[in-house]
Novice: 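This is the structure I want to talk about, given as structure tokens.
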Amino acid sequence: VQLQASGGGLVQAGGSLRLSCKTSGIVFRLNAMAWYRQDPGEQRELVAHITSGHSSTYAESVKGRFTISRDNTRNTLYLQMNSLKPEDTAVYYCHTTRNDRDYWGRGTLVTVSS
């Protein structure tokens with residue numbers, strides 16, 4: 001199983017970024033997927049989750065600003081991030097499970113300047 005996240009970068013507050021997570025080794029359309037983020041010295045926190053049926057949930061801190069989506073034809077997960085704030089600065093990871101085992105992408109750094 002491989003999860004390859006990309007799309008991070010440096011952006012000013014109020015700007016937008018779109019993260020992508022290309023997957024392989026799973027039947028993508030059957031897997032729930034999620035984005036997490038982690039600041040140095042902090043615990044990894046769930047940002048957004050999407051089921052195989054495209055139902056999504058979000059952390060309170062990103063509701064109304066972030067949108068998680070999936071393209072089952074491309075085996076790819078996305079996170080559209082709008083109205084970014086400095087507190088969104090973190091390494092973002094995509095996540096899934098297979099046979100009760102957790103799989104994580106390498107992470108992509110998002111830095112939001114004030």
Side-chain angles (χ1 to χ4, degrees):
V1 177
Q2 287 193 328
L3 307 176
Q4 295 180 300
S6 62
L10 174 64
V11 63
Q12 287 189 328
S16 298
L17 284 173
R18 188 175 83 150
L19 306 184
S20 300
C21 177
K22 178 70 175 175
T23 72
S24 60
I26 58 173
V27 184
F28 181 77
R29 61 183 174 84
L30 299 181
N31 271 55
M33 302 292 301
W35 287 100
Y36 286 74
R37 67 186 181 188
Q38 187 171 25
D39 272 337
E42 302 287 335
Q43 284 193 330
R44 197 168 291 189
E45 65 168 346
L46 178 64
V47 175
H49 178 271
I50 186 167
T51 68
S52 59
H54 296 253
S55 296
S56 56
T57 55
Y58 297 90
E60 283 296 325
S61 59
V62 306
K63 275 185 182 177
R65 301 188 297 122
F66 290 12
T67 303
I68 189 171
S69 63
R70 61 192 300 158
D71 185 340
N72 290 345
T73 67
R74 289 182 167 84
N75 295 336
T76 302
L77 176 72
Y78 301 100
L79 185 68
Q80 178 65 44
M81 305 185 294
N82 298 329
S83 302
L84 282 160
K85 303 176 181 180
E87 51 264 44
D88 295 318
T89 295
V91 177
Y92 284 70
Y93 299 89
C94 52
H95 170 269
T96 193
T97 61
R98 179 173 177 262
N99 296 331
D100 296 324
R101 178 178 170 179
D102 289 313
Y103 291 91
W104 298 92
R106 185 170 292 183
T108 185
L109 175 63
V110 172
T111 303
V112 184
S113 63
S114 56

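Treat the numbers as computed from the prediction; the structure is a model and nothing was measured. Below, all heavy atoms of this structure are taken into account, side chains as well, without hydrogens, waters or symmetry copies. The first residue of the sequence shown is numbered 1, and numbering continues consecutively from there.
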Novice: For V110 and G8, work out which heavy atoms get closest and say how close.
Specialist: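 V110 and G8 have their closest heavy atoms at CG2-CA, 4.1 Å.
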
Novice: First locate atom CZ of R106, then atom SG of C94, and finally report the distance between them rounded to the nearest 0.5 Å.
Specialist: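 Here the interatomic distance stands at 11.5 Å.
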
Novice: Under 4.5 Å between any side-chain heavy atoms of M33 and I26, yes or no?
Specialist: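 The answer is yes, as the side chains (C-beta and beyond) meet within the 4.5 Å cut-off.
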
Novice: Restricting to non-hydrogen atoms, name the atom on R74 and the atom on T76 that form the minimum distance, rounded to 0.1 Å.
Specialist: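 Looking at all heavy atoms of both residues, the shortest contact is O-OG1, 2.7 Å.
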
Novice: Can you tell me how far apart SG (C21) and CG (L3) are? Round to the nearest 0.5 Å.
Specialist: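 Rounded to the nearest 0.5 Å, the SG-CG separation comes out at 4.5 Å.
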
Novice: Please name the pair of heavy atoms, one in T89 and one in D39, separated by the smallest distance, quoted to 0.1 Å.
Specialist: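 Looking at all heavy atoms of both residues, the shortest contact is O-OD1, 2.5 Å.
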
Novice: Mind telling me whether H95 and Y36 have parallel, tilted or perpendicular rings, with 30° and 60° as the class edges?
Specialist: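 Rings of Y36 and H95: perpendicular, over 60°.
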
Novice: Any donor-acceptor pair under 3.5 Å linking the side chain of W35 with the backbone of Y78?
Specialist: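 Indeed, once roles are kept as given, a pair shorter than 3.5 Å links the two residues.
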
Novice: Distance-only, no hydrogens or angles: does the N31 side chain make a donor-acceptor pair with backbone N or O of F28 under 3.5 Å?
Specialist: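 Not a single qualifying donor-acceptor pair exists.
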
Novice: Count I, L, V, M, F, W, Y as connected when their side-chain heavy atoms are under 4.5 Å apart, and connections chain through other members. Are Y103 and V91 then in the same cluster?
Specialist: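 Unlinked, Y103 and V91 end up in two clusters.
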
Novice: At their closest point, which heavy atom of Q38 faces which heavy atom of E42, and how far apart are they?
Specialist: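 Shortest heavy-atom separation between Q38 and E42 comes out as NE2-O, 3.0 Å.
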
Novice: Measuring from atom CD of Q12 to atom OG of S114, what distance do you get when rounded to the nearest 0.5 angstrom?
Specialist: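 Here the rounded value is 9.5 Å.
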
Novice: Calculate, to the nearest 0.5 Å, the distance between atoms CG and CZ belonging to L17 and F66 respectively.
Specialist: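 These two atoms lie 9.0 Å from each other.
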
Novice: For the hydrophobic clusters of this structure (ILVMFWY residues joined by side-chain heavy atoms under 4.5 Å, transitively), does one cluster hold both L19 and W104?
Specialist: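 No, it is not one cluster - the side chains of L19 and W104 are not joined through contacts under 4.5 Å.
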
Novice: Give, for atom CG of L77 and atom CZ of R70, the distance between the pair rounded to the nearest 0.5 Å.
Specialist: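 L77 atom CG to R70 atom CZ measures 7.0 Å (nearest 0.5 Å).
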
Novice: Within the distance-only criterion (no hydrogens, no angle test), does the side chain of T23 pair as donor or acceptor with the backbone N or O of N75 below 3.5 angstrom?
Specialist: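 Yes, because the side chain of T23 sits within donor-acceptor range (under 3.5 Å) of the backbone of N75.
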
Novice: Within a strict 4.5 Å, meaning less than it, do heavy atoms of the V62 and R37 side chains meet?
Specialist: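 Yes, side chains in contact.
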
Novice: Any side-chain to backbone donor/acceptor pair from T96 onto A32? Under 3.5 Å, distance only.
Specialist: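 Yes.
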
Novice: For Y93 and A5, indicate whether the former's side chain and the latter's backbone hold a donor-acceptor pair under 3.5 Å.
Specialist: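 No, the answer is negative, given that no donor and acceptor are paired below the 3.5 Å cut-off.
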
Novice: Step by step, work out the side chain to side chain contact (heavy atoms under 4.5 Å, CB included) result for D88 and R65.
Specialist: CA-CA 11 Å; D88 295 318; R65 301 188 297 122; 2.7 Å; yes

Novice: Measuring from atom CD1 of I68 to atom NE2 of H54, what distance do you get when rounded to the nearest 0.5 angstrom?
Specialist: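 These two atoms lie 11.0 Å from each other.
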
Novice: Please report the shortest heavy-atom distance between R98 and G25, naming the atom on each side.
Specialist: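 Where R98 meets G25 most closely, the heavy atoms are NE-O, 3.6 Å.
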
